[in-house]
**Q** 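Below is the structure I would like to discuss, written out as structure tokens.
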Number of protein chains: 2
Amino acid sequence: MGRPSTLEDKRREFLPIVAGAFAELGYRRLTSAELAARCGVGENVLYRIWPDKHAMFLAALEWVYLASERTWERLLAEPGNGESAFLRLLSHEARHLGEYGLHRIVFAGLSETDDPRIRAALQDLYAKFHAFVRRQLSAHRVAGAPGGLDAETAAWAIIGLGTVANVGRELGSIGASRRESILWDAGRLVAEGRIDAEADGPPRKKRASAEKKRRK
Amino acid sequence: MGRPSTLEDKRREFLPIVAGAFAELGYRRLTSAELAARCGVGENVLYRIWPDKHAMFLAALEWVYLASERTWERLLAEPGNGESAFLRLLSHEARHLGEYGLHRIVFAGLSETDDPRIRAALQDLYAKFHAFVRRQLSAHRVAGAPGGLDAETAAWAIIGLGTVANVGRELGSIGASRRESILWDAGRLVAEGRIDAEADGPPRKKRASAEKKRRK
DNA sequence: ACATTGTGGAAGTGCTTGCTTACATTACAA
DNA sequence: TTGTAATGTAAGCAAGCACTTCCACAATGT
């Protein structure tokens, strides 16, 4: 009886928009009016889907992490022509950094760490992120790579490298080639525990013509 | 003629309070009323010193960086018993991380990057921070250390290590010993380009009793 | 004394913002 | 058709905010 609810459809439809908006503006600066406008509906519609703004942010946080992870998983599933999955991931991130705005949302959240829900969500996100990196790192090492640092530490260190690279890009303080060096050179060093003199750059895709990527 | 102004004195008196408040609450959550209360004056007094809230934040940003730098300079001036200044700095940071809330203010600022003044201030801050680390790193290397990564990259990488360590501490996701490992083990690896098997921890001050530090 | 200039407290102002309400409309089941 | 429940629009509300104004008072120079 009555009209069937479409809220679940809308939630799925709006999530990427919501996540993008939070990533772009941060928590405080994104108003519910602006968010509703971006979704093309009235504010009350959003409030029918989520109880309050915090919930919208949490949903965005979760979504953006899952989106990133999905990208990585897809990347790892690709046929790795000789290279370890870990190195492929590293070289990918060295070039396409933070496509989904993960770090931006995280930074926004870090200014709201007094809210226990947001705090818990961030802890969870970092735990999953760290576990993911660590898992890839271990697999990489088992596959024959040396490995100097203890894996737990190395995984955190690699997350740190990604973070500076993102901040540096955001501020325009670190150029593309430098970012690549930070992720690839320092990343391999941290992962493998030594400098590999022979290879001096992340392996490019076949044709170097794929340079012009979408940069919004 | 008239009463002599004490605004400059007040500015100096309030700066640490202002910086601490921004570090604790972030930009948006710190209201002018709260800030005035912490300084023990009315809001209008603050607005006589700085034209608006942005200016207060910028002043805090600058102050907190200078305070950090002063600490480091003092540390470097200490008699280095054999150890390079760089390693002393690293081991110090491995234990007393972000005492002045530098990273917290930076994160708060990163959510306001649309404001050109704040953006410029952050760029400047990072540039100075990076230059400082790089300078210490170069001095360390000249002093006989090997050095694998190019210094520019290594300096950014070290800043990245400090950043994760701070975030991890903030969220309670990374314990003290792990943070130490991230800064000291990974830090040395990045700085020197190889694992040093013999030393497996930052040199402690004489007595290990100095463990119980103020943790607010 | 007196004019002048700075000081601190409290109340006020206009705007923004998260969130709600009211309502006319639409899509379904019976 | 008819009853029911979900929908989109627009307006509204109370709280919070950055920032200002007002004013009695306290230091100074002459």
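Being a predicted model, the structure only gives us computed values, none of them experimental. Chain letters run A, B, ... following the sequence lines, proteins first and then strands; every chain starts at 1.
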**Q** Salt bridge (charged side-chain N to carboxylate O under 4.0 Å, His left out), that's the test. Do Glu24(B) and Arg38(B) meet it? Break it down for me.
**A** CA-CA 12 Å; Glu24(B) 183 181 335; Arg38(B) 290 188 182 213; 3.1 Å; yes
**Q** Check the pair Arg141(A) / Glu192(A) against salt bridge (charged side-chain N to carboxylate O under 4.0 Å, His left out), numbers first and verdict last.
**A** CA-CA 8 Å; Arg141(A) 287 179 169 182; Glu192(A) 307 185 347; over 6 Å; no
**Q** Run the numbers on Arg11(A) and Glu8(A) for salt bridge (charged side-chain N to carboxylate O under 4.0 Å, His left out), then give the verdict.
**A** CA-CA 5 Å; Arg11(A) 161 186 263 117; Glu8(A) 272 310 313; 2.6 Å; yes
**Q** Got more than 12 heavy atoms from elsewhere within 6.0 Å of CD, Glu170(A)?
**A** yes
**Q** Can you list, by residue number, the residues of residues 56-63 of chain B that have a non-hydrogen atom closer than 4.0 angstrom to DNA chain D?
**A** none
**Q** Could you go through Gln136(B) and Trp72(B), starting from their C-alpha distance and side-chain angles, then the distance that decides it, and tell me whether this counts as side-chain hydrogen bond (donor to acceptor under 3.5 Å, both in side chains)?
**A** CA-CA 11 Å; Gln136(B) 301 309 324; Trp72(B) 301 327; over 6 Å; no
**Q** Say whether, by atom type as modelled, one donor and one acceptor occur between the side chain of Arg169(A) and the main chain of Ala176(A) under 3.5 angstrom.
**A** no
**Q** In whole angstrom, what separates Leu25(A)'s CG from dG18(C)'s P?
**A** 12 Å
**Q** Starting at CH2 of Trp50(A) and ending at C1' of dG18(C), how long is that distance when rounded to a whole Å?
**A** 16 Å
**Q** Reckon Leu46(A) touches a base, only the sugar-phosphate, or nothing at all at heavy-atom distances under 4.0 Å?
**A** nothing
**Q** Just so I know, are the side chains of Cys39(A) and Val45(A) near enough to count as touching, which here means a heavy-atom distance under 4.5 Å?
**A** no
**Q** Can you tell me if the side-chain N/O atoms of Lys53(A) get under 4.0 Å from OP1 or OP2 in dT17(C)?
**A** no
**Q** Taking Lys53(B) for the side chain and Leu30(B) for the main chain, is one N or O donor matched with an acceptor at less than 3.5 Å?
**A** yes
**Q** side-chain hydrogen bond (donor to acceptor under 3.5 Å, both in side chains) between Ser32(B) and Glu43(B): does it pass, once the steps are laid out?
**A** CA-CA 6 Å; Ser32(B) 38; Glu43(B) 305 183 49; 3.2 Å; yes
**Q** Going by heavy atoms closer than 4.0 Å, what residues in residues 32-45 of chain A are next to DNA chain C?
**A** Ser32(A), Glu43(A), Asn44(A)
**Q** Using modelled atom types only, decide if a donor and an acceptor are shared between the side chain of Asp124(B) and the backbone of Ala120(B) within a distance under 3.5 Å.
**A** no
**Q** Separation of Arg11(A) atom CZ from dT7(D) atom P, in whole Å?
**A** 12 Å
**Q** Can you run down the side chain to side chain donor-acceptor pair (under 3.5 Å) pairs that involve residues 153-164 of chain B, sequence neighbours left out, and say none if there aren't any?
**A** Arg178(A)-Thr153(B), Ser181(A)-Thr153(B), His130(B)-Trp156(B), Asp150(B)-Thr153(B)
**Q** Output the rounded distance in Å from NZ (Lys10(A)) to C1' (dT7(D)).
**A** 9 Å
**Q** Round to a whole Å and report the spacing from CZ of Arg28(B) to P of dT17(C).
**A** 8 Å
**Q** According to side chain to side chain donor-acceptor pair (under 3.5 Å), who are the partners of Tyr47(A), at least two apart in sequence or on a separate chain?
**A** none
**Q** Can you give one letter per nucleotide of nucleotides 1-6 of chain C, 5' to 3': B if a protein heavy atom sits under 4.0 Å from the base, S if only from the sugar-phosphate, - if neither?
**A** ---BBB
**Q** For Tyr47(A) and dC13(D), give me the distance from atom OH to atom P, rounded to whole Å.
**A** 18 Å
**Q** Using the 3.5 Å cut-off, write out each protein N or O paired with an N or O of nucleotides 13-15 of chain C and the distance between them.
**A**
none

**Q** Less than 4.5 Å apart, any side-chain heavy atom of Tyr126(B) and any of Val106(B)?
**A** yes
